[in-house]
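First comes the structure, then the notes that go with it.
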Amino acid sequence: MVVLKNLECRISVIIPVFCERAVINETVEAVRRLKGGGTAEIIVVDGQAEGETLAAIRDASVHKVPSKKGRGGQLNRGAAVATGDVLLFLHADTVLPHAAFERIADAMRDEACAGGAFDLRIASPRSGFRAIETVANLRSRLTRIPYGDQAIFIRGSCFRSIGGFKEIPIMEDVDLMRRIKRKNWRIVIFREPVITSARRWEKEGLVFGTLRNWSLMTLYLCGVSPERLARFYR
């Protein structure tokens with residue numbers, strides 16, 4: 001876990017993966033390079049039955065947790081073994097800002113703060129991504145419901161009291177933050193951005209991927225079940 005000097009806050013980093021052997025060591029090393037990252041508790045939860053991503057990890061101090069496929073369940077498995085006061089859920093293709101742990105620890109000084117996330121930046125020079133970032137950051141600030149690729153963090157006691165993530169095939173991040181919001185717990189969104197890979201947009205197409213994501217969110221908020229929505233998200 002991360003224990004920062006003069007800040008009584010222990011942070012555990014939980015990384016759900018599925019077929020991420022090509023990038024997992026870069027992800028772990030990026031966490032280690034952060035301020036306070038050298039002593040971070042990093043938990044990698046692999047949803048691939050063969051455990052290829054876990055086998056590829058070079059850092060011997062990383063906790064390796066096998067799991068059934070499904071991001072919500074994988075995140076819950078990681079949280080179950082975490083020892084930190086704060087749980088930071090990090091996607092394998094996302095890089096945290098250098099002072100991320102310090103910013104989280106500062107926020108946790110406020111007992112009314114349950115958690116939060118960071119602004120989003122996409123690792124691509126294409127101008128279209130700047131528009132996506134602007135809309136995503138504005139949306140998360142207005143709604144206080146950030147997405148998982150914004151590196152959601154939550155106080156461990158709050159996470160346990162609301163029952164963790166629902167083990168649904170899609171929208172587990174939105175569901176969690178909506179439940180936190182209904183409790184009227186404080187959610188912070190830091191302006192320092194995480195940097196996430198553009199690989200999914202580049203594979204599917206920027207316009208298609210964006211419109212598909214917005215459509216799925218709209219349908220979910222209108223009451224369409226995650227099970228039905230998952231058919232359109234591959």
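In what follows, residues are counted from 1 in the order of the sequence shown.
- Under the 4.0 Å criterion applied to side-chain N and carboxylate O atoms, Arg126 and Glu202 are not assigned as salt-bridge partners.
- Tested against Phe159 for a side chain to side chain contact (heavy atoms under 4.5 Å, CB included), the candidates Leu87, Ile180, Val86 yield a single pass: Leu87.
- Residue Arg155 qualifies as enclosed at atom CZ: its count of foreign heavy atoms under 6.0 Å is above 12.
- Between Arg144 and Ile189 there is a side-chain heavy-atom pair separated by less than 4.5 Å.
- Within a 6.0 Å radius of CD in Glu50, more than 12 heavy atoms belonging to other residues, nucleotides or ligands are found.
- Side-chain contact check for Thr210 versus Phe129: every heavy-atom pair is 4.5 Å or farther apart.
- By the 6.0 Å contact criterion, CZ on Arg191 is open, its count of non-hydrogen atoms from other residues, nucleotides or ligands being 12 or less.
- Linking ILVMFWY residues whenever their side-chain heavy atoms come closer than 4.5 Å, directly or via other members, places Met217 and Leu176 in the same cluster.
- The heavy-atom pair separating Phe165 from Asn76 by the smallest distance is O-ND2, 2.8 Å.
- Environment of CZ in Arg141: crowded, with over 12 heavy atoms of neighbouring residues, nucleotides or ligands closer than 6.0 Å.
- Checking side-chain atoms of Asp173 against main-chain N and O of Pro146 turns up no donor-acceptor pair under 3.5 Å.
- Here the straight-line distance linking atom CZ of Arg231 with atom OG of Ser225 works out to 7.0 Å at 0.5 Å rounding.
- Judged by the 6.0 Å and 45° rule, Arg139 forms a cation-pi pair with Tyr147.
- The hydrophobic cluster containing Leu138 does not contain Met177, counting ILVMFWY residues as joined when their side-chain heavy atoms lie under 4.5 angstrom apart, directly or transitively.
- A 4.5 Å side-chain heavy-atom check between Leu88 and Leu96 finds at least one atom pair inside the cut-off.
- Note on Val224 and Ile168: separate hydrophobic clusters, where clusters join Ile, Leu, Val, Met, Phe, Trp and Tyr whose side-chain heavy atoms are under 4.5 Å apart, directly or indirectly.
- Within the 4.5 Å cutoff, the side chain of Ser61 has heavy atoms near those of the Arg32 side chain.
- Taking each heavy atom of Ala230 and Pro169 in turn, the nearest pair found is CB-CB, 3.8 Å.
- Of all heavy-atom pairs spanning Glu41 and Gly84, the tightest one is OE1-N, 3.8 Å.
- Side chain of Lys181 to main chain of Thr143: a donor-acceptor pair is present (N/O by atom type, distance under 3.5 Å, no hydrogens or angles).
- In this structure, the side chains of Val188 and Arg103 stay at 4.5 Å or more apart for every pair of heavy atoms.
- Using a 4.0 Å cut-off between a side-chain N of Lys or Arg and a carboxylate O of Asp or Glu, Glu167 and Arg77 qualify as a salt bridge.
- For the pair Asn137 (side chain) and Leu120 (backbone), a donor-acceptor distance under 3.5 Å is present.
- Rounding to the nearest 0.5 Å gives a distance of 9.5 Å between NZ of Lys183 and SG of Cys158.
- Atom-to-atom distance recorded for Arg160:CZ and Ile154:CD1 is 10.0 Å, nearest 0.5 angstrom.
- By the criterion of side-chain heavy atoms lying less than 4.5 angstrom apart, applied directly or through intervening Ile, Leu, Val, Met, Phe, Trp or Tyr residues, Phe208 is not grouped with Trp214; the two fall into different hydrophobic clusters.
- Closest approach of Gly47 and Gln74 over heavy atoms only: N-NE2, 3.3 Å.
- Closest heavy-atom contact between Thr94 and Leu90: O-CD1, 3.6 Å.
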Requested in this report: Determine, step by step, whether Asn25 and Asp59 satisfy the side chain to side chain contact (heavy atoms under 4.5 Å, CB included) criterion, reporting the C-alpha distance in whole Å, the side-chain angles of both residues, the deciding distance to 0.1 Å, and the verdict.
Outcome: CA-CA 8 Å; Asn25 287 300; Asp59 188 327; 5.7 Å; no
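- Put simply, CD1 on Ile11 and OG1 on Thr83 are 12.0 Å apart, with the number rounded to the nearest 0.5 Å.
- Using a 4.5 Å cut-off on side-chain heavy atoms (C-beta onward), Val174 and Tyr220 make contact.
- Interatomic distance, CD1 of Ile57 versus CD1 of Ile15, reported as 8.0 Å (0.5 Å rounding).
- Side-chain contact check for Gln48 versus Arg21: every heavy-atom pair is 4.5 Å or farther apart.
- In this structure, the side chain of Arg121 does not engage the main chain of Val194 through any donor-acceptor pair within 3.5 Å.
- In terms of heavy-atom proximity, Ile170 sits nearest to Pro226 at CG2-O, 3.2 Å.
- Between Glu133 and Arg130, at least one side-chain nitrogen of the basic residue sits less than 4.0 Å from a carboxylate oxygen of the acidic one, meeting the salt-bridge criterion.
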Query raised in the report: Please walk me through it: do Thr196 and His91 pass side chain to side chain contact (heavy atoms under 4.5 Å, CB included)?
Result: CA-CA 8 Å; Thr196 193; His91 289 185; 5.7 Å; no
Requested in this report: Could you give me the CA-CA distance, side-chain angles and deciding distance for Glu29 and Arg58, then say whether salt bridge (Lys or Arg N to Asp or Glu O under 4.0 Å) is met?
Outcome: CA-CA 10 Å; Glu29 289 164 9; Arg58 295 191 294 263; 2.9 Å; yes
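- Hydrophobic clustering (ILVMFWY, side-chain heavy atoms < 4.5 Å, transitive): Phe89 and Ile162 are in one cluster.
- Side-chain atoms of Ile24 and Leu54, non-hydrogen and from C-beta on, never get closer than 4.5 Å to each other.
- A tilted orientation is assigned to the rings of Phe190 and Phe118, their planes being inclined by 30° to 60°.
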Query raised in the report: When you look at Thr39 and Phe101, which way does the side chain to side chain contact (heavy atoms under 4.5 Å, CB included) test go after all the steps?
Result: CA-CA 11 Å; Thr39 58; Phe101 297 139; over 6 Å; no
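- In this structure, Ile195 CD1 and Asp149 CG are separated by 13.0 Å, a value rounded to the nearest 0.5 Å.
- Checking side-chain atoms of Arg71 against main-chain N and O of Met171 turns up no donor-acceptor pair under 3.5 Å.
- Under the 3.5 Å distance criterion, the side-chain polar atoms of Asp46 are left unmatched by any main-chain donor or acceptor of Pro66.
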Requested in this report: For side chain to side chain contact (heavy atoms under 4.5 Å, CB included), just list the numbers for Val65 and Ile14, CA-CA rounded to whole Å, side-chain angles, deciding distance to a tenth of an Å, and then say yes or no.
Outcome: CA-CA 10 Å; Val65 180; Ile14 300 168; over 6 Å; no
